[in-house]
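Structure first, commentary second.
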Amino acid sequence: MAFSDRVFSGIQPSGDLHLGNYLGAIKRFVPLQNTHDCIYCVVDMHAITVWQDPKKLHRSTLEVAAAYLAAGIDPKKSIIFNQSQVVEHTELAWVFNCVARMGWMSRMTQFKDKAGKNSEKVSLGLFAYPALMAADILLYKATHVPVGDDQKQHLELTRDIAAKFNNDFKIDFFPITEPLIAGSAARIMSLRDGSKKMSSSDPSDLSRISLTDDADRIAKKIKKAKSDPEPLPSEEAGLKDRPEADNLVGIFASLSGRSKQDILSEFGGQGFGVFKPALAELAVEKLAPMNKEMARYLDDPKQIEDILRDGAERASIIAKENMKQVRDIIGFVK
Ligand code: TRP
């Protein structure tokens, strides 16, 4: 069976959308629309693996959708929807709970990091989360998934699940999905600690640039970003062991679409007193239009809800057809 090229990706509506989500994910989703059938999901069922305030969950779901739209994802060309509107995600996730092995799931480093010493107290959903992610992808037989480095292991699990299902039932049904991993330039770290990923769960608001920050806040956060006393090197090798400098140069590179080396050729020998204002100016210039568009969409939540509903209907057609076949393959009576 041949699989036509289809992209699936998702972002959780759990807290502020930030620069890491934009540069590492959303921005990369846009050009894929020219080469693939794309499905971009707001994965609200993933978000509730940790408790979410219902009002905030609702608002964050609209915000992620607004960010997709503001970044240039075309809801006519691609499918934009929120996961909970297509119930087959949970149904396939259950099947995959029965395909995946405890040992595989126990090796997921994101679970170990998130649960930490608390592993007896976290939800069962948090443990099963990667099986739901595999269901998201395989429900549409997606062949390519753009994700950050941190999701690589979950993608490998998705491939293992697809292969085991195909093998268990002696059928070539699910594709073995390829990750489209962003280069290190798209890996955006905390502004307060260059060794930690920029994250909406970091207690410090200064650690991230939110997509809803205005120009003043963006400039303030970059000014306060942790750096070091040395001038910038002229060669990329000089960024080694300088995680904060590396991150700020990486953000500059990613926002401008230039290489880190190119940035260092321009700023090498200069201190952060010069580099930070230039970065702040660039960030404001690049993010302001996006910020404005997001605000325009969020002014009219009904319009976003209509787009999500329409997307969910189109997604459901594919999901229902594939799920029907999965039920037949398993042997469920219909
Ligand atoms: N687990 C992903 C994250 O936290 C979000 C996600 C859920 C996802 N389902 C997906 C990403 C399917 C890609 C494909 O970032």
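Remember, it's 1-based here, ligands and their atoms both numbered in the order they're listed. As a basis for the values below, the full set of heavy atoms in this structure was taken, side chains included, without hydrogen atoms, waters or symmetry mates.
The closest side-chain donor-acceptor pair between S195 and D193 falls under 3.5 angstrom. Under 3.5 Å, the side chains of D74 and Q33 contain no donor-acceptor pair of N or O atoms.
Residues of the protein with a heavy atom under 4.0 Å from ligand 1 are F8, S9, G10, Q12, V43, H46, Y129, M133, D136, I137, V145, V147, Q151, listed by chain and number.
For H89, the ring pair (Phe, Tyr, Trp, His ring centres under 6.0 Å) partners at least two apart in sequence or on another chain are F81, Y140.
Residue pairs meeting the ring-ring contact (aromatic ring centres under 6.0 Å, His included) criterion with at least one member in residues 288-334: none, sequence neighbours excluded. Applying the ring-ring contact (aromatic ring centres under 6.0 Å, His included) test to pairs two or more places apart or on separate chains, none has a residue in residues 190-238.
Separation of the H144 and F8 ring centroids does not fall under the 6.0 Å cut-off.
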